[in-house]
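Worksheet: one structure, shown below.
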Amino acid sequence: EERVAGGGAAGGAAAETAAVQEERAEGEEELWQPEGQWQEKGQAEAEERSKGDDAIFSVALRDCKNVGDLALKLSAGELDATLLEPRNLGVALDLVGVYLKNYEIDKADLVITRIVPLCRIRGGTWLCKGLDKLSAVRMKQFRAYDALAAMKEIEQLVPFKPPEGWEFHDILFRNQAWCYSSLDEAEKTLEYTRKSMEVKKASGIPASWFDIWDLGKAHARLGQKTDQVKEMKVAYDLILKSGEIHRECESHDRVMLAKICANVGEVAIGVGDFYHQNGNEDEAHFWYEKAEPSLREAYDLHVGALGPMKPLAGWAAGTVAHCLTRLEKYEEARDFLSMAWKVECTKDSTTPGSVIELLDRVVALQQQLDDLPGVSRYLDDMEMAIQGLKARNWDRKDRAVFALLLQRASTARLISDNGTGDAIPRVLQDLREAESHLVIHLGHEARSHRCQFCGSAYESEDDLEAHKERRHAGVLSAEGLEAVDVERKQFGPREDPEELLKSIRTSLRLLSITESVLRQGGGSGEGDQGPRFEELRPEEDVEDLGTASSRSSASGWGADPEEWETDDDGGAGEGFGALGAAFELRRGMEPFCTRLRVEPTSSREEHVFMPDGVLHDGERVTLERLDSSGQFGHVSCRACQGWVQLKYLIGFSGS
């Protein structure tokens with residue numbers, strides 16, 4: 001999540017270096033001249049006001065009791081001129097840093113968006129400072145492309161070459177490497193990490209632990225992307241070495257050490273995943289065990305320095321849970337994942353995609369523990385997250401992803417009510433809201449003009465231009481955007497909106513029928529606490545699975561009826577659960593792939609696995625037969641066939 005290790009400290013150092021260089025250039029031509037009537041007017045007003053009394057005292061004399069009064073009493077020109085006062089503009093930039101340090105990202109965004117155009121008026125060091133803060137905010141908002149554009153503009157503005165100011169360029173190139181890393185550009189990340197080191201080398205400055213750390217992370221990402229385990233092992237050694245040096249040189253900086261430890265563990269997990277996907281379970285387990293101590297130390301350091309509810313602590317808890325899940329320590333993994341979930345649902349920098357991904361992990365882990373009703377303990381935080389996202393207009397900014405979140409939330413509610421059916425009214429409410437968002441989204445997609453900066457859609461080009469002028473004018477320059485040499489990318493969970501709408505409408509039809517039946521007397525009385533829906537016992541006959549499916553509509557992650565169908569006409573398939581039906585194979589947890597077995601056994605010895613039988617989550621398979629225990633099924637797909645645990649077949653209710 002951090003733009004650079006050290007956060008604002010690095011940004012402050014960059015701005016400080018720029019200030020030193022501007023002092024050296026005193027008397028020379030101004031770094032940047034404002035253009036346009038609006039800038040000239042604002043500059044003129046600022047200069048005129050500064051000749052007399054300080055604008056701050058002028059404001060105080062107006063007897064403004066609050067900010068609202070100030071905004072009403074000052075004209076737009078006067079307000080701009082007041083904010084242009086050096087001390088006011090400086091305080092505003094400092095305030096952005098304070099908000100970032102306290103994880104109040106929305107407030108930081110409002111302030112930086114307002115003052116960057118004013119920084120452009122002053123130009124020079126002010127603009128460099130403003131763009132530096134802007135890039136920090138955009139990285140916190142997962143908008144790495146815009147952060148990179150700001151960094152590129154700073155690079156264009158700097159009037160001196162790397163040999164004349166190696167400190168400035170060292171930090172600038174390092175920040176750009178972070179941006180490229182967030183955009184999944186492994187080669188560019190490595191290139192700019194090396195540029196940062198070369199700048200120092202040319203000035204006779206030796207590489208620091210920070211450089212070794214950055215280089216290790218770049219190698220790790222490149223190795224992961226190109227599937228080169230040797231590259232990842234090089235990265236592991238480099239990051240481990242940087243941590244050893246840091247412990248000696250800067251042992252007081254616990255947060256930085258926590259980040260290094262986290263990277264050590266993450267790279268070890270990546271190496272383990274490589275071996276797992278290639279069928280070497282012993283080597284995979286070895287690397288997962290190597291990852292655990294570093295990840296636990298990272299979590300302890302973050303909690304000790306920041307507290308358990310800070311985003312960095314939540315991220316660290318989620319990473320520990322990743323490792324423990326791979327080691328099949330599911331009870332411990334649940335504790336860490338619960339903490340990560342609470343932090344994610346309460347922080348103001350979360351996104352619908354982040355909540356969806358973590359919710360998927362939560363439900364998959366509960367399924368592994370054979371405790372799906374236990375999902376209920378996560379619902380209050382889930383509701384808090386949904387309401388928080390609505391308060392920040394995510395339900396309007398990205399309706400398709402928000403609809404996907406509502407669909408996932410409805411499934412979580414269904415599987416957590418232990419078959420009572422009590423969750424159905426609320427589930428129907430969520431699904432109808434999701435349906436509405438998708439209808440609006442699909443309608444807008446057909447006739448909308450979309451903002452390239454924030455993704456907002458408008459029906460006319462005039463409305464879009466008005467939005468850009470109101471929200472984005474003067475924030476990013478055309479030159480900075482043109483200098484970005486990679487494409488904009490979207491990350492996080494995405495589904496085809498039309499397919500998702502079809503799925504939600506099928507769910508609505510079936511759940512509406514179920515609700516109607518319950519209202520007509522199919523439910524239990526007040527004193528009856530028994531479930532209205534039941535999961536089948538493993539010993540029940542195969543031919544009874546289809547009949548029992550109507551009683552099991554609330555069981556199993558993936559309760560989406562689209563997942564249950566075996567026919568192609570959109571109707572509910574009658575053969576749900578029967579042999580010959582098609583199912584989606586989904587492990588639902590790291591490393592999100594499953595190896596087929598030669599025989600139906602729980603053994604993990606190498607000889608029981610198919611040599612080329614690795615299937616990734618989401619692949620479709622056909623169920624051919626069951627074993628006598630009712631725990632395994634023989635499945636086939638286009639590439640291979642073998643045995644798999646039935647609990648990984650989405651929609652199968654006999655597990």
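Worth knowing before you read on, the calculation uses all heavy atoms, side chains too, and leaves out hydrogens, waters and symmetry mates.
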Please confirm whether the backbone N or O of [Y] pairs with a side-chain atom of [X], one donor and one acceptor, at under 3.5 Å?
X	Y	result
Gln368	Val363	no
Asn393	Arg396	no
Thr325	Ala321	yes
Arg334	Val362	no
Ser135	Asp132	yes
Thr113	Leu110	no
Ser436	Arg432	no
Asp496	Glu498	yes
Ser416	Val375	no
Thr350	Thr346	no

Applying salt bridge (Lys or Arg N to Asp or Glu O under 4.0 Å), name anything that partners [X], two or more places apart in sequence or on another chain.
X	answer
Glu332	Arg296
Glu297	Arg247
Asp381	Lys342
Arg221	Asp184

Compare all side-chain heavy atoms of [X] with those of [Y] and state whether any distance is below 4.5 angstrom.
X	Y	result
Leu404	Arg408	yes
Leu389	Asp395	no
Leu95	Leu93	no
Val401	Ile356	yes
Tyr145	Arg138	no
Met256	Trp213	yes
Lys259	Leu312	yes
Arg254	Asp300	no

Ion pair check, [X] and [Y], cut-off under 4.0 Å:
X	Y	result
Asp273	Arg326	yes
Glu185	Lys188	no
Glu433	Lys390	yes
Arg426	Asp430	yes

Would you compute the distance between atom [atom1] of [X] and atom [atom2] of [Y] and round it to the nearest 0.5 angstrom?
X	Y	atom1	atom2	result
Leu379	Met384	CG	CE	12.5 Å
Leu301	Cys261	CG	SG	6.0 Å
Ile504	Ser410	CD1	OG	7.0 Å
Leu500	Glu435	CG	CD	10.5 Å
Leu615	Thr594	CG	OG1	7.5 Å
Phe583	Leu649	CZ	CG	6.0 Å

Is there a donor in the side chain of [X] and an acceptor in the side chain of [Y], or the other way round, less than 3.5 Å apart?
X	Y	value
Ser338	Tyr378	yes
Thr420	Asn418	no
Thr351	Ser354	yes

Measure across [X] and [Y] and return the closest heavy-atom pair with its distance rounded to 0.1 Å.
X	Y	value
Ala136	Leu100	CB-CD1, 3.7 Å
Pro308	Ala313	O-CB, 3.7 Å
Pro373	Ser376	O-OG, 2.9 Å
Met139	Ser182	CE-OG, 3.1 Å
Ala434	Leu406	N-CD1, 3.7 Å
Ala284	Gly272	CB-O, 3.3 Å

task = Would you please test Glu344 and Arg361 for salt bridge (charged side-chain N to carboxylate O under 4.0 Å, His left out) and show each step?
result = CA-CA 13 Å; Glu344 191 66 40; Arg361 289 177 59 193; over 6 Å; no
ask   = Going through the checks in order, is the side-chain contact (heavy atoms from CB on, under 4.5 Å) test met by Arg377 and Asp371?
value = CA-CA 11 Å; Arg377 69 173 63 95; Asp371 182 25; 4.0 Å; yes
inquiry  = Taking ring pair (Phe, Tyr, Trp, His ring centres under 6.0 Å) as the definition, give me every residue that meets it alongside His302, ordered by chain and number, with sequence neighbours left out.
reply    =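 His302 satisfies ring pair (Phe, Tyr, Trp, His ring centres under 6.0 Å) with no residue once adjacent residues are dropped.
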key: Asp370/Lys647 under salt bridge (charged side-chain N to carboxylate O under 4.0 Å, His left out): CA gap, chis, key distance, verdict   = CA-CA 10 Å; Asp370 197 22; Lys647 63 184 179 182; over 6 Å; no
request  = Show your working on side-chain contact (heavy atoms from CB on, under 4.5 Å) between Trp178 and Lys217 and close with a plain yes or no.
outcome  = CA-CA 10 Å; Trp178 274 80; Lys217 288 183 292 183; 2.9 Å; yes
inquiry  = What verdict does the side-chain contact (heavy atoms from CB on, under 4.5 Å) test give for Tyr99 and Ile105, after you've listed the backbone C-alpha separation in whole Å, the side-chain angles of each residue and the deciding distance to 0.1 Å?
reply    = CA-CA 6 Å; Tyr99 281 142; Ile105 312 303; over 6 Å; no
message = Taking side-chain contact (heavy atoms from CB on, under 4.5 Å) as the criterion, tell me which of Ile269, Val320, Leu324 meets it with Glu292.
response = Leu324
ask   = When Phe402 is tested against each of His437, Gln407, His441 for side-chain contact (heavy atoms from CB on, under 4.5 Å), which residue passes?
value = His437
request  = Go through the steps to decide whether Ile424 and Thr514 satisfy the test side-chain contact (heavy atoms from CB on, under 4.5 Å), and finish with yes or no.
outcome  = CA-CA 8 Å; Ile424 290 179; Thr514 305; 3.6 Å; yes
ask   = Who passes side-chain contact (heavy atoms from CB on, under 4.5 Å) against Val343, sequence neighbours left out?
value = Met309, Met339
